[in-house]
Amino acid sequence: LNLSGKYRLHAEGRIAPGVPQLDLIGGYWDMLAAKMATKDSQSIDSAKFGGYYLGAIMSTSLSPRVRTFWGYKRSQLDASLKFKAGEEPTLLGTTVNSFDTGFKDDFFIAGIETPRSVGKLWSIQLNYGLKTQTFSSKVSWYGKYFELGLNIYPEGVLVVHPVWNFHLNF
């Protein structure tokens, strides 16, 4: 489950010519499959994998068919896994009762978007994590409510993560 929201503080050029559009963004995600998998497991008692993000994005038109955007995003991921009593695994001679991990990072974001048809856009985005000092990217196609895309994480092992988001725009 992914939910993203965007609130436009002002449109491009509304305050004065050349002033970029400013949006506040936020989102929440929860991997429901992690919770559902515990029902079929004999050893896992509970599992959680989710998080949120908050930020601000500025965007401006380079031409009628190309817009650039840039901004800041704070993102947090939480993951936990708890084992049933008597079913705990042993790792290097130590019984593991649970895992509880996650991360919090601040990202600089930059990208471009271009319309493909009425109400449909292609977007390419590059993110840089200040704390982790890693790059990630996103390629997506979206309309007013839905977004289909690929998140690409090139650190270490290349990870390509498909996404399908529902957007609420105010």
Side-chain angles (χ1 to χ4, degrees), residues 1-8 23-57 69-113 119-170:
L1 170 69
N2 290 331
L3 261 162
S4 297
K6 179 166 65 169
Y7 179 76
R8 181 174 297 151
D23 298 320
L24 298 178
I25 60 170
Y28 168 83
W29 64 91
D30 190 0
M31 186 180 287
L32 299 177
K35 293 176 185 171
M36 293 186 313
T38 61
K39 294 177 185 172
D40 295 329
S41 175
Q42 295 177 5
S43 61
I44 298 174
D45 188 38
S46 67
K48 180 186 175 197
F49 188 77
Y52 71 89
Y53 69 91
L54 300 166
I57 302 287
F69 58 91
W70 60 97
Y72 162 84
K73 177 172 72 170
R74 178 161 190 96
S75 184
Q76 179 172 328
L77 169 71
D78 296 309
S80 66
L81 183 67
K82 293 184 174 83
F83 297 99
K84 293 178 182 174
E87 298 292 330
E88 300 93 344
T90 302
L91 183 64
L92 300 173
T94 303
T95 301
V96 178
N97 297 321
S98 64
F99 292 99
D100 195 7
T101 187
F103 78 89
K104 205 182 274 188
D105 204 349
D106 298 298
F107 293 89
F108 284 130
I109 303 166
I112 62 170
E113 64 182 13
K120 308 288 188 232
L121 296 111
W122 278 104
S123 175
I124 299 172
Q125 175 179 318
L126 182 66
N127 308 308
Y128 178 71
L130 299 175
K131 184 177 179 184
T132 58
Q133 297 184 350
T134 58
F135 286 98
S136 65
S137 61
K138 181 178 180 180
V139 177
S140 62
W141 172 81
Y142 63 96
K144 185 173 181 178
Y145 298 110
F146 289 100
E147 174 183 10
L148 295 171
L150 295 172
N151 288 331
I152 303 164
Y153 305 98
E155 73 270 355
V157 176
L158 177 66
V159 176
V160 178
H161 179 260
V163 293
W164 181 23
N165 293 327
F166 176 71
H167 291 267
L168 296 173
N169 297 304
F170 303 95

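For the residue pair I44 and K84, the shortest heavy atom distance occurs at O-CE, 3.3 Å. The heavy-atom pair separating A56 from L24 by the smallest distance is CB-CD2, 4.1 Å. Here the closest non-hydrogen pair linking P154 and I152 is CD-O, 3.5 Å.
Applying the 6.0 Å contact sphere to CZ of F108 captures no more than 12 heavy atoms from other residues, nucleotides or ligands.
Partners of K35 under the salt bridge (Lys or Arg N to Asp or Glu O under 4.0 Å) rule, at least two apart in sequence or in another chain, are D30. Partners of T132 under the side-chain hydrogen bond (donor to acceptor under 3.5 Å, both in side chains) rule, at least two apart in sequence or in another chain, are D105, T134. I57 pairs by the side chain to side chain contact (heavy atoms under 4.5 Å, CB included) definition with I25, F69, I109, not counting sequence neighbours. When the salt bridge (Lys or Arg N to Asp or Glu O under 4.0 Å) test is applied to K73, no partner is found at least two apart in sequence or on another chain. Applying the side-chain hydrogen bond (donor to acceptor under 3.5 Å, both in side chains) rule to D100 yields no partners; only residues at least two apart in sequence or on another chain are considered. Scanning for side chain to side chain contact (heavy atoms under 4.5 Å, CB included) contacts around A79 gives F49, T101, with sequence neighbours left out. Residues satisfying the side chain to side chain contact (heavy atoms under 4.5 Å, CB included) test with P162, not counting sequence neighbours, are L150. Residues meeting the side chain to side chain contact (heavy atoms under 4.5 Å, CB included) test with V159, sequence neighbours left out: Y153. For S140, the side-chain hydrogen bond (donor to acceptor under 3.5 Å, both in side chains) partners two or more places apart in sequence, or in a different chain, are E147.
For the atom pair Y52 OH and K104 NZ, the distance stands at 5.0 Å (nearest 0.5 Å). Summarising the geometry, atom OG1 belonging to T95 is positioned 6.5 Å from atom CD belonging to E88; distances are rounded to the nearest 0.5 Å. To the nearest 0.5 Å, atom CD of residue Q76 and atom CZ of residue F103 are 9.0 Å apart. Remark: D78 CG to W29 CH2 distance equals 9.0 Å, nearest 0.5 Å.
Applying the side-chain hydrogen bond (donor to acceptor under 3.5 Å, both in side chains) rule to pairs touching residues 38-48 yields nothing, sequence neighbours excluded.
With a 4.5 Å cut-off on side-chain heavy atoms, F99 and F83 count as touching.
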Atom pairs and distances, side-chain donor-acceptor, residues 123-131, under 3.5 Å, sequence neighbours left out:
unit_1 : atom_1 : unit_2 : atom_2 : d
Q125   : NE2    : N127   : OD1    : 2.8
N127   : ND2    : S136   : OG     : 3.2

